[in-house]
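First up is the structure itself, then whatever we jot down about it.
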Amino acid sequence: MPLKVYNNLTRKKEEFAPIDPSLVKMYVCGITPYDETHLGHARAYVTFDIIKRHLEYSGYKVKHIQNITDIDDKIIKKAKINDQSISEVAEHYSNSFFEVMDKLNIKRADVYPKATEHIKEMIGWIKGLQDKGFAYELNGDVYFEVQKFKGYGKLSKHKMEDQQAGARVELDARKKDPLDFALWKAAKPDEPYWLSPWGNGRPGWHIECSVMSTKYLGEQFDIHGGGLDLQFPHHENEIAQTEALTGKAPWVKYWLHNGFVVINQQKMSKSLGNFFTLIDIYKKFDPMVVRFFLLSTHYRSPLNFSDAQLKEAEEAYQKLTSTIDNLDFLISKVKTAENDVEVAETDDELAVYKRKFGEMMDDDFNTAGAIGVIFELVKFINDHVKEEKIDKESLMHDKQMIIGFCDLLGINLVGKTSSGDQSFNIEKLIEERNQARGGKNFKRADEIRKQLEDNGIILEDTAYGTKWRKNA
RNA sequence: GGCGCGGUACCCAAGUGGUAAGGGAACUGUCUGCAAAACAGUCAUUCGGCGGUUCAAAUCCGCCCCGCGCCUCCA
């Protein structure tokens with residue numbers, strides 16, 4: 001079954017076919033490091049992490065570029081408040097970004113190009129656009145003239161004449177068209193600047209993505225991604241600049257956008273101030289729970305956030321870890337198989353889940369459906385584990401299957417269970433309790449259970465002996 | 001005004017023509033000294049509403065209601 005992706009340019013699910021059949025080139029819009037990373041960012045980057053992982057699983061090599069906008073009004077403002085340089089601010093929040101992303105088990109991009117390291121190339125592009133008649137200068141500012149680019153609006157489906165320009169933002173009367181956007185901004189006093197043919201200034205926001213993506217991926221590539229909020233104007237403007245300059249269309253074959261994180265039915269956003277940083281969320285929840293939560297809804301749908309919903313994700317995630325925990329315990333207790341027949345039979349049945357899982361992921365990265373398959377598998381395994389003739393090999397295959405699926409989703413299950421832990425006291429108390437139980441001294445047995453429980457240890461008596469786990 | 005997204009059980013959520021996955025919660029049962037975990041059963045004759053097309057609709061078409069997003073910076 002072929003991989004299908006929803007292309008926002010055509011508004012259709014399309015069969016995925018990269019320009020170079022063996023290498024997928026993907027550019028994802030990165031952060032502006034002026035504040036802590038929040039759940040909305042996490043959703044975006046988990047989404048593209050999943051896309052990358054599934055492409056790799058499907059046999060493609062993926063070249064992944066993600067920019068860092070390290071020069072911007074908000075960074076300048078923050079630097080003034082903190083009495084720091086803009087690079088100090090950018091570096092601080094970039095580092096923090098990588099820290100929280102690593103905890104979410106997000107694979108690093110191949111290159112994280114910074115805007116400030118590509119100013120020369122940007123100036124070159126802007127000059128090129130000016131030479132071709134797509135840009136004009138106004139007192140040190142340079143604007144892209146939208147009317148000159150006939151495809152403007154093709155991504156966001158905006159018709160220029162229908163736009164209510166100035167509906168929310170004050171018009172700049174000097175511009176030829178309200179939709180014209182800045183390629184270069186003249187420096188105001190007190191602002192950092194670079195030298196340019198138009199005087200001291202700095203690049204506009206959109207130009208960096210065009211310049212850096214084509215620098216690392218070529219003039220045409222496969223996937224360009226980001227949050228849905230970037231569709232207009234950012235991505236629309238990027239298309240206009242790039243196709244105007246290179247003359248090659250389409251610049252990008254597939255445009256992928258993730259949906260918003262929503263709080264009380266409102267978009268989580270910086271400007272509304274209703275955002276939750278990952279640093280704060282991690283104080284209450286394991287990053288893997290956060291990742292599981294983000295993947296439990298399809299990436300294009302809005303995702304409602306609340307503690308209660310994270311709590312539900314935690315319960316579900318723990319069902320997975322406890323299954324692995326139980327399997328580990330059984331594996332340590334059960335005999336090896338007497339013949340290969342039983343193992344092979346189980347493997348045949350497991351193959352069904354593998355197929356279903358793959359179909360879900362091939363259908364526009366349907367992680368929510370794929371998680372559903374994992375739980376079907378868990379149910380199947382727990383059921384067949386009850387059989388008396390269960391053997392070590394089958395159990396190990398079962399375990400590997402669950403871990404394998406979770407790996408494809410970047411969900412780490414290993415290291416979350418308590419089976420690897422050693423604690424002399426716990427084992428000793430369990431032994432004492434079992435002696436008490438043997439002598440029908442249930443009062444003492446329950447005392448020990450309570451004592452361990454108070455220390456966060458839950459005991460479970462099974463047919464194969466007593467196992468313990470940490471209380472979550 | 002333009003463009004677009006969404007409305008599936010108590011909650012979350014998959015499903016875009018073939019008769020409603022999965023998770024959480026709840027209740028009942030099996031197991032257990034008691035628990036826990038696990039398993040079994042119950043939990044939407046129904047998918048915002050009303051019409052239409054079809055042998056067949058949550059899925060297609062039309063109208064309507066509700067919520068949200070973009071058209072400023074935002075993942």
Side-chain angles (χ1 to χ4, degrees), chain A residues 8 11 13 28-32 34 37-48 72-74 153 156-170 178-179 205 225-234 236 257-262 265-272 275 292-293 296-298 300-304 306 308-309 311-320 322-323 325-326 329 356 360 363 366-379 381-386 437 440-443 445-446 449 453 458-463 466-469 471:
Chain A
N8 225 352
R11 306 287 162 101
K13 270 187 202 171
V28 180
C29 280
I31 52 156
T32 302
Y34 72 100
T37 309
H38 62 72
L39 192 62
H41 299 115
R43 183 168 199 207
Y45 301 118
V46 165
T47 294
F48 289 97
D72 164 272
D73 286 349
K74 295 180 290 285
S156 57
K157 315 301 174 204
H158 284 169
K159 292 189 186 104
M160 291 175 63
E161 58 273 23
D162 289 336
Q163 291 298 292
Q164 212 168 50
R168 295 169 65 194
V169 69
E170 211 175 312
L179 287 169
W205 172 37
L228 195 54
D229 43 3
L230 298 181
Q231 184 184 56
F232 191 92
H234 184 51
E236 196 68 63
H257 294 103
N258 62 277
F260 300 126
V261 175
V262 166
Q265 299 191 317
Q266 273 197 313
K267 177 188 167 190
M268 177 184 289
S269 77
K270 290 290 204 180
S271 28
L272 287 168
F275 60 93
F292 183 95
F293 168 71
S296 62
T297 300
H298 186 88
R300 285 191 283 114
S301 302
L303 171 63
N304 208 51
S306 68
Q309 260 141 32
K311 188 76 193 153
E312 282 191 11
E314 187 172 57
E315 303 277 356
Y317 174 72
Q318 278 166 3
K319 180 162 182 157
L320 260 26
S322 77
T323 300
D325 209 19
N326 291 341
F329 182 77
K356 285 171 86 174
M360 288 296 179
D363 183 13
N366 187 350
T367 53
I371 286 172
V373 176
I374 294 177
F375 282 107
E376 286 177 34
L377 170 70
V378 163
K379 190 159 202 156
I381 288 173
N382 278 326
D383 192 32
H384 112 265
V385 149
K386 287 171 70 183
R437 289 171 73 215
K440 304 259 183 218
N441 185 358
F442 297 123
K443 184 166 175 278
D446 287 345
R449 184 203 287 285
E453 194 181 325
I458 303 292
L459 296 185
E460 296 177 10
D461 297 322
T462 79
T466 301
K467 74 188 280 283
W468 63 270
R469 63 185 167 85
N471 191 8

Sugar-phosphate, base or nothing in reach of A:K319, heavy atoms under 4.0 Å: sugar-phosphate
Is_stacked (A:F375, B:G22) at 5.5 Å, 30 deg: no
Sequence-distant partners of A:K443, side chain to side chain contact (heavy atoms under 4.5 Å, CB included), two or more places apart: A:N441, A:E447
Sugar-phosphate only, base, or nothing, as touched by A:G226 at under 4.0 Å among non-hydrogen atoms: sugar-phosphate
Spatial distance of atom CG (A:N382) from atom NZ (A:K319) [nearest 0.5 Å]: 7.0 Å
Whole angstrom value for the distance that separates C1' of B:A35 from CD of A:E453: 9 Å
Distance in angstrom units between A:H298 NE2 and B:C12 C1', rounded: 16 Å
Sugar-phosphate, base or nothing in reach of A:K74, heavy atoms under 4.0 Å: sugar-phosphate
Residue from A:D461, A:T462, A:N326 passing side-chain hydrogen bond (donor to acceptor under 3.5 Å, both in side chains) with A:K467: A:N326
Presence of A:K443 side-chain N/O under 4.0 Å of B:C34 phosphate oxygens OP1/OP2: no
Inter-nucleotide P distance (B:U42, B:A75), Å rounded: 48 Å
Residues in side chain to side chain contact (heavy atoms under 4.5 Å, CB included) contact with A:K13, at least two apart in sequence or another chain: A:Y6, A:R300, A:D363, A:D364
Sugar-phosphate only, base, or nothing, as touched by A:N326 at under 4.0 Å among non-hydrogen atoms: sugar-phosphate
B:G15 OP1/OP2 closer than 4.0 Å to side-chain N/O of A:N366: yes
A:I31 CD1 to B:C73 P, straight-line distance once rounded to whole Å: 18 Å
Proximity to the side chain of A:N382 - top-ranked nucleotide from B:A75, B:U16, B:C39: B:C39
Touch class at under 4.0 angstrom, heavy-atom based, for A:R11 against every strand present: sugar-phosphate
Interatomic distance where CZ belongs to A:F232 and P belongs to B:U72 [whole Å]: 6 Å
B:C12 to B:G51 separation - C1' atoms, rounded to the nearest Å: 32 Å
Interatomic distance at C1', B:C50 relative to B:C65, whole Å: 10 Å
Distance, rounded to the nearest Å, where A:K270 contributes NZ and B:A75 contributes P: 7 Å
Sugar-phosphate, base or nothing in reach of A:S269, heavy atoms under 4.0 Å: base
Touch class at under 4.0 angstrom, heavy-atom based, for A:E460 against every strand present: base
Any A:K311 side-chain nitrogen or oxygen under 4.0 Å from OP1 or OP2 of B:C12: no
Sugar-phosphate, base or nothing in reach of A:G227, heavy atoms under 4.0 Å: sugar-phosphate
Check: A:R43 side chain, A:N258 main-chain N or O, donor-acceptor pair, under 3.5 Å: no
Touch class at under 4.0 angstrom, heavy-atom based, for A:K157 against every strand present: sugar-phosphate
Between B:G23 (P) and A:F292 (CZ): distance, integer Å: 10 Å
Separation of B:G4 P from A:F260 CZ (nearest whole Å): 16 Å
Sugar-phosphate, base or nothing in reach of A:K440, heavy atoms under 4.0 Å: nothing
Spatial distance of atom CG (A:N8) from atom CD (A:Q231) [nearest 0.5 Å]: 4.5 Å
Sugar-phosphate only, base, or nothing, as touched by A:H257 at under 4.0 Å among non-hydrogen atoms: nothing
Sugar-phosphate, base or nothing in reach of A:G225, heavy atoms under 4.0 Å: nothing
Rounded distance in Å - CG (A:D461) to C1' (B:G33): 10 Å
Rounded distance in Å between the P positions of B:C11 and B:G48: 14 Å
B:G17 and B:A13, which share atom name P, separated by this distance in whole Å: 22 Å
Parallel, tilted or perpendicular: ring planes of A:F292 versus A:F375, cut at 30 and 60 degrees: perpendicular
Pairing annotation in dot-bracket form, given for RNA chain B with Watson-Crick or G-U pairs under 3.5 Å and | for cross-strand partners: ((((((((.[[[..)..(...]]].(((((.......))))).....[[[[[..)....]]]]])))))))....
